[in-house]
Amino acid sequence: MNNPLYVYNSISRDKDHFVPKEEGYVGMYVCGPTVYSDVHLGNCRTFVSFDIIYRYLLFLGYKVRYVRNITDVGHLTGDSEDGEDKIVVKAKQERLEPMEVVQKYMNGFHDMMDVFNVKRPSIEPRATGHILEQIEMVQDIIKNGYGYESNGSVYFDTVKFNEDKGSYGKLSGRVMDELLEETRVLKNQSEKRNASDFAIWMKAAPEHLMKWESPWSVGFPGWHLECSAMSTKYLGSNFDIHGGGNDLKFPHHENEIAQNEGACGCAPARYWLHTNMLLMNGRKMSKSEDNSITPEQLFTGSSKHVSKGYSPMVIRFFMLMAHYRSTMDITDDALQAAEKGYYKLMDAYYSLQELNTNNTDEGSLDQEVNALIDQAHADMNDDFNTPKALSRFFELTSMVNKLKGGQLKISDLGSATLDRLKKAFQSFIFDIFGLKDEAHHDDDHNHLDGAMRLIIDLRADARANKNWAVADKIRDTLSELEITLKDGKDGTDWSIH
RNA sequence: GGUCGCGUGGCCGAGCGGUUAGGCAGUGGUCUGCAAAACCAUCUACAGCGGUUCGAAUCCGCUCGCGACCUCCA
């Protein structure tokens, strides 16, 4: 349990020993959604991944301040100064106030996060609530010589920054000269000094819907700026973890680093964590192309890509089966496999609760059980390797089933180890992996369990009388209701699948 | 075109120099009134071609295929 935690740091391109700046505390910033449309599944994977990271840090005993923003202004369609604000575009389309659009999709986002059992962050700041902080940051950047005004807009001078610091592009591996060449043709009409410069404040057209007073113009902040300003405000100018999807590395995170260094001379985060993409049909999910599925479609099964609906926890479990830094391909077969695996694991958890031992000494099984639990912890300490940790629990699941079925003797397990095993299942499945048991819902479940015991008794009577017709009718009818009866050596169990 | 990454058995997906990953599916068995569940056994692997090494899925080179970013995206 005392293994140190290693995390893959995109900056160093290596697994680094995680040592928080302040012992016992972790500051973590994750780029949240731009709330201009419904969340899509890829978003969900990213936030589930960081939820597991957040939960694991909490499990390790850290006091974590987890900041995840809501982008509600400044994120443009297309790049550069030619684009329109995504939220403004949507507001016009739906004939709503921009803030109505924001509220609508932010609510939807929160609901979806709840459905996936994603813990809420400590602070969820919004860009529009931090205009002053962003203006101040622009002023600092200008003061330090890395920003310049041009026709009411302010741009970040990437060339000057790179000359001084020599580091523009270090996160994403870009080379300054290449950036200048690549973009020169496309953006030669701009107000920018260099093609790779980016806006930190933009002058708004008179009819623009969301705009604020600033020293330079009535306008709005550049997209990248909010994260720099808000992470600094709530986590300080240098904090522990910054996360986001892989596709944010460039330009978003690169520019964030430049802004923070440009404003205060310090690198914002010490560990940069990036999640990988969710694929469908081997390609990145895309709304514009036809390879996309919404969470709702996945839940209900109303999509040509799936044969049936899958519950949110099955999907969360599915996500656990791959490492967060690997791409993950959604297929119907893989989801079916995840569904069965999820139920198998949950069933084992309940079977485990029924196990008891009088053996207060060490038993012959103790070593193996303890080793598997230790390995699961080590797996999580190795850059949050959930698929590997999960595999340990499937091995433990097999042992639990053998103990239950009598293939292994419960007397070979010491009570201390059994106790530890129960705690480990609890911690990993519910606290760390963040799974919920969808079949055993508290009060409802207790009522149903009482009724089910009666039915099981009646069926047992029928079977004792060799009245197979009645016994099978009970079993088959329940099966149609997705209730499975499991006849074992010590009577019959049931579960909802 | 530039940058980065990936190609593992029927499917998903770990491993990244020597030992069974794991889940799902398949096959044979145990159990069962018959099933299901569970258990036991078992079958399909490391894109191709070279090289390094006592030893390579794991390192290096080349070839082929795929993906991401560079352009809104988690």
Side-chain angles (χ1 to χ4, degrees), chain A residues 13 30-34 36-37 39-50 75-80 83-84 86 169 172-175 177-179 181-183 186-187 196 223 243-252 274-279 282-288 317-318 320-323 325-345 347-348 351 375 379 385-395 397-398 400-402 404-408 463 466-468 471-472 475-476 479 484-489 492-495 497:
Chain A
R13 289 152 203 261
V30 171
C31 291
T34 301
Y36 70 104
S37 69
V39 234
H40 81 106
L41 249 193
N43 264 293
C44 296
R45 165 118 103 158
T46 292
F47 297 127
V48 165
S49 294
F50 281 106
H75 200 162
L76 305 183
T77 61
D79 181 42
S80 80
E84 287 185 89
K86 288 182 166 190
S172 56
R174 311 286 141 150
V175 178
D177 291 344
E178 288 170 1
L179 283 173
E181 279 182 33
E182 279 166 25
T183 45
L186 292 169
K187 303 174 186 169
S196 54
W223 170 41
N246 217 271
D247 48 356
L248 290 181
K249 258 190 200 167
F250 189 90
H252 186 59
H274 289 99
T275 57
N276 217 138
M277 301 293 104
L278 193 59
L279 308 180
R283 290 181 166 271
K284 184 174 170 179
M285 294 187 91
S286 159
K287 282 182 249 186
S288 48
F317 180 90
F318 170 75
L320 287 166
M321 289 175 70
H323 188 93
R325 281 193 292 114
S326 300
T327 53
M328 170 156 225
D329 204 354
I330 283 213
T331 62
D332 195 55
D333 285 348
L335 287 167
Q336 291 203 23
E339 183 171 61
K340 294 204 174 178
Y342 165 71
Y343 287 129
K344 185 173 179 177
L345 187 67
D347 286 348
S351 299
Q375 283 163 348
D379 295 333
N385 196 329
T386 55
K388 218 170 165 188
L390 247 194
S391 77
R392 313 295 184 189
F393 277 86
F394 275 104
E395 298 206 27
T397 288
S398 173
V400 166
N401 286 333
K402 285 181 212 175
K404 184 188 180 187
Q407 292 90 350
L408 288 175
R463 293 177 72 203
K466 296 187 192 273
N467 190 346
W468 310 130
D472 290 351
R475 183 219 282 155
D476 296 343
S479 177
T484 307
L485 294 182
K486 300 173 184 175
D487 296 326
K489 276 216 160 15
T492 301
D493 285 340
W494 68 277
S495 64
H497 283 178

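Basis for what follows: all heavy atoms, side chains included, without hydrogens, waters or symmetry-related copies. Per chain, numbering begins at 1; letters A, B, ... match sequence-line order. Note that this is a predicted model, so its numbers are computed, not measured.
Taking atom P in both B:C46 and B:U27, the straight-line distance is 24 Å, to the nearest Å. B:U71 and B:G2 are spaced 14 Å apart, taking the C1' atom of each and rounding to whole Å. Between the P atoms of B:C60 and B:A74, the separation comes to 34 Å (whole Å). B:G7 and B:G17 have their P atoms separated by 15 Å, given to the nearest Å.
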Please write out the pairs of protein N or O atoms and N or O atoms of nucleotides 17-26 of chain B separated by less than 3.5 Å, giving the distance to one decimal.
{"unit_1": "B:G23", "atom_1": "O2'", "unit_2": "A:Ala337", "atom_2": "O", "d": "3.4"}
{"unit_1": "B:C24", "atom_1": "OP2", "unit_2": "A:Lys344", "atom_2": "NZ", "d": "3.4"}
{"unit_1": "B:A25", "atom_1": "OP1", "unit_2": "A:Lys340", "atom_2": "NZ", "d": "2.7"}

Using atom names, set out every protein N or O paired with an N or O of nucleotides 56-60 of chain B below 3.5 Å, distance rounded to 0.1 Å.
none

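Side chain of A:Thr331, nearest nucleotide from B:C12, B:C39, B:G33: B:C12. Nearest to the side-chain atoms of A:Asn401 among the listed nucleotides B:C70, B:C73, B:C39 stands B:C39.
If you find the closest nucleotide of RNA chain B to A:Asp329 and to A:Leu278, the one lying nearer the 5' end belongs to A:Asp329. In this structure, A:Ser172 and A:Trp468 both approach RNA chain B, and ranking their closest nucleotides by distance from the 5' end singles out A:Ser172.
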Next item on the list: Report the secondary structure of RNA chain B in dot-bracket form, marking unpaired bases with a dot and bases paired to a different strand with |, and treating Watson-Crick or G-U pairs with both distances under 3.5 Å as paired.
Entry: (((((((..(((.....[...))).(((((.......)))))....(((((..]....))))))))))))....
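Counting all heavy atoms, side chain and backbone alike, A:Gly244 lies closest to A:Leu248 at CA-CD1, 4.5 Å.
If you check every strand for non-hydrogen atoms under 4.0 Å, A:Asp332 touches nothing. A:Gly405 comes within 4.0 angstrom of no nucleic acid atom, judged by non-hydrogen atoms across all strands. Note on A:Asp487: a base of the nucleic acid sits closer than 4.0 angstrom, heavy atoms only. Looking at heavy-atom distances under 4.0 Å, A:Leu485 makes contact with a base.
No hydrogens or angles were tested; on distance alone, a donor-acceptor pair under 3.5 Å links the side chain of A:His40 to the base of B:A74. Between the side chain of A:Arg475 and the base of B:C34, a donor-acceptor pair under 3.5 Å is found.
The nearest whole Å value for the distance from the CG atom in A:Asp247 to the C1' atom in B:G67 is 13 Å.
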